[in-house]
Amino acid sequence: MRALRSPGGVAAWASSDPGAALAALKALAEAQELSSGKAVHGRLLRARALGLVHGNALIHLYASCGRTYLARRVFDALSLRNVVSYGALMAGYLHAGLPAAGLDLLRHMDLAPARPNEFIYATALACCSDAGTLRTGEQCHGRVLKAGLGTFPYVGNSLLCMYLTCSGVEDAARVLSAASPDVYSCNSMINGYVDQGRFGDAMAVLGLILAEVDQWDHVTFLAALGLCAGLKDLRLGTQIHGQALRRGVEGNIFVGNSVVDMHGKCGEVGAAWRAFCELPDRNVVSWSSIMAAFAQNGLFEEALRLWPEMEEDGVRPNDFSYAIVLAACGGLSVLRHGEALSAHAEKTGFRGHSLVENALINMYARGGSIWDAHKTFAGMRRRDTVSWNSMISGFSQHGLGGEALRVFHWMSMERAPTTAVTFVGVLSACDRLGLVDDGFRYLNQMADQMGISPTVEHYTCIVGLLSRAGRLEDAESFMKTTEAEWDAVAWRTLLCACLIHKNHGLGKRIAKQILHRNPNDVGTYVLLSNIYARSGSWDGVSEIRKLMRARGIKKEPGSSWIQVRNQTHVFVSGDREHPRADEIYTKLRDLLAAIRPLGYVPDLDGVFHDVEDEQKEECLSFHSEKLAVAFGILTMPPTAPIHVMKNLRICDDCHTALTLISLAAARTVVVRDANRFHCFEDGRCSCGSYW
DNA sequence: TTAGGGTTAG
């Protein structure tokens with residue numbers, strides 16, 4: 001590459017030899033050597049040797065260097081232009097993120113003698129994809145067919161991609177079936193289906209090329225690995241990975257990163273970590289993928305620990321990396337840490353990215369600070385579907401059904417597109433508000449008007465809705481008559497309602513059904529034993545205990561944790577491990593004494609019928625969430641809300657006690673339990689005492 | 001001299 005070493009030299013040499021000049025311009029375009037290219041340009045002008053072919057090469061060079069205005073200047077100065085001049089400039093606009101300018105050029109061509117060819121349509125269709133204009137895309141489609149250019153593979157794939165981004169998978173699939181599929185269009189189609197969660201369809205397309213693994217290129221491996229990740233199909237993923245190794249494409253950083261991600265999504269953190277360690281090179285996506293793998297599998301601290309390592313490795317974070325670590329902060333409820341990362345993002349210019357803003361909304365909502373989530377949401381300049389969905393579900397999970405529906409109506413007024421996730425939030429808001437009829441109305445609206453097929457999650461909301469309203473038999477018959485893959489979550493929703501509504505007979509029957517299908521469902525054992533205890537059937541309680549012992553099922557011990565001044569303090573029921581245990585126990589005794597006059601009576605009907613009342617009370621008094629709250633009151637400023645997390649569902653006694661403590665101690669207490677948020681304030685809980 | 005599919009988030 002003499003050209004790169006000595007720009008002046010190459011210019012002199014190139015201008016005297018037209019063939020060499022062309023070769024030099026091509027090489028300079030590829031290397032994005034703007035200044036050398038300008039030197040060649042100057043020489044060609046001075047030598048009066050700037051004809052059509054060299055002019056086109058210059059347009060391409062300036063376009064490759066991202067200087068579309070210079071490319072345009074050359075284009076305008078040409079006395080004669082051909083289809084290549086248009087193609088080169090149009091591609092420049094496309095890659096510079098100016099698809100509308102590219103389409104303007106297409107219109108300009110209608111007045112010019114040059115007729116669009118397959119190159120022009122491939123580029124124009126890509127412009128339509130980027131600009132999101134289905135109408136122009138369809139017009140191009142019509143012209144492609146009329147000109148008989150539809151059989152060019154490049155054009156076919158550009159068409160398919162245009163429909164994928166501007167319309168949907170159905171139209172794209174029609175394009176695919178009309179043409180003979182090549183590897184490119186199959187890759188695009190698989191990715192399109194995977195994005196929509198239509199894994200079965202994606203698998204069918206993969207099936208078209210499954211026999212020809214030797215024809216696959218690295219992008220096919222990416223699509224296939226993405227499909228395995230979506231399906232959480234480790235077996236297939238491992239096979240594909242093996243093929244990638246055999247074909248020697250695993251050294252490609254995209255494929256390597258995809259292997260890390262696939263293992264993470266399949267729940268194999270160890271394998272993800274090994275794949276990460278084996279990467280020959282690590283870029284920001286590699287680091288993001290491994291952090292995501294940890295965070296998605298609940299290993300939030302491990303994910304956060306990788307951040308400084310990434311920085312040490314000299315890799316700069318991007319919007320994805322911020323979104324991942326913010327999600328980990330939400331998982332741990334370490335909001336101060338998240339805010340520090342948000343400030344970091346501000347400095348690096350990523351704070352305004354929608355990915356980061358949405359992650360912040362989720363972090364605050366998961367961390368219990370729903371109004372900080374709302375503040376972030378309200379301050380956004382551009383809200384996308386995820387922003388709306390996050391805010392709606394955030395409010396719902398916090399028991400603020402009215403706020404959730406208000407956001408949904410606002411979303412509808414702004415005509416933001418709704419998704420299946422939107423309606424999970426909306427239906428659970430109706431559940432919280434007891435709006436049975438509205439719930440059914442939204443379900444029908446979603447299915448009939450929006451064309452979104454309800455999933456088991458939507459139906460579970462309906463079960464919750466009927467259950468909360470006390471219509472337990474209706475809920476059961478809804479489950480029996482509605483075709484859905486009912487899971488343990490759905491059945492437990494009904495079971496939980498049986499406990500709350502004291503329909504012990506139905507509860508026992510439902511529990512037995514669940515245990516018949518899934519004999520290891522710990523949650524069901526716990527709920528069933530509560531039902532027996534509530535109905536005074538101590539034989540039943542000990543029966544369950546025996547059954548659990550026999551089956552080797554252990555109830556996870558209750559534990560709670562709280563962040564105070566960037567430190568996490570963990571409490572297990574009744575333990576005295578904390579260095580300030582004495583103070584905490586004294587504080588808690590005081591608090592419990594203070595709420596007695598407000599009507600607090602320890603709920604001794606727990607599951608321990610074989611212990612003395614005094615011991616029972618001792619047990620109840622020092623449940624982990626009470627200890628954590630007492631510690632919070634002891635150490636946090638009086639106006640600061642106290643945020644506690646618990647691994648299990650909060651128990652009845654703690655719920656009552658914390659409700660009254662919020663009144664007696666004039667403190668706001670937010671507890672995130674295994675299912676939802678409880679915001680205790682002024683002697684009330686946001687869950688409406690139904691959980 | 002001009003053109004296609006790509007990894008990480010919710």
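Predicted, not measured: the structure shown is a model, and the values here were computed from it. Chain letters run A, B, ... following the sequence lines, proteins first and then strands; every chain starts at 1.
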Select base, sugar-phosphate, or nothing to describe what Asp319(A) touches, counting heavy atoms under 4.0 Å on all strands. nothing
Give a yes/no on whether any side-chain N or O of His60(A) is located under 4.0 angstrom from OP1 or OP2 of dT2(B). yes
Do the side chain of His95(A) and the main chain of Ser64(A) share a donor and acceptor less than 3.5 angstrom apart? no
Please output the side-chain donor-acceptor pairs of residues 149-158 of chain A that fall under 3.5 Å, not counting sequence neighbours, one pair per line with the distance.
{"residue": "Asn157(A)", "atom": "OD1", "partner": "Ser188(A)", "partner atom": "OG", "Å": "2.9"}
{"residue": "Ser158(A)", "atom": "OG", "partner": "Ala122(A)", "partner atom": "O", "Å": "3.4"}
{"residue": "Ser158(A)", "atom": "OG", "partner": "Tyr154(A)", "partner atom": "O", "Å": "3.0"}

Remember a base hit wins even if backbone is also touched, and classify Ala91(A) as base, sugar-phosphate or nothing at under 4.0 Å, heavy atoms. sugar-phosphate
For a quick check of understanding: with a heavy-atom distance under 4.0 Å over all strands, which category does His218(A) fall into, base, sugar-phosphate or nothing? base
Cation-aromatic face contact Arg143(A)/Tyr121(A), 6.0 Å, 45 degrees: no
For a quick check, tell me whether the side chain of Ser288(A) and the base of dT8(B) share a donor-acceptor pair closer than 3.5 Å. yes
Looking across every strand, which nucleic acid part, if any, lies under 4.0 Å from Val183(A) by heavy atom: base, sugar-phosphate, or nothing? base
Side-chain donor or acceptor of Asn187(A) under 3.5 Å from a matching atom on the base of dG4(B)? no
Check salt bridge (charged side-chain N to carboxylate O under 4.0 Å, His left out) between Glu170(A) and all other residues, then give those that pass, not counting sequence neighbours. Arg198(A)
Looking only at side-chain atoms of Leu94(A), point me to the closest of dT2(B), dG4(B), dT8(B). dG4(B)
Looking at Lys265(A), does any N or O in its side chain come under 4.0 Å of the phosphate oxygens OP1/OP2 on dT7(B)? no
Using a 4.0 Å heavy-atom cut-off, does His353(A) contact any base of the nucleic acid, only the sugar-phosphate backbone, or nothing at all? nothing
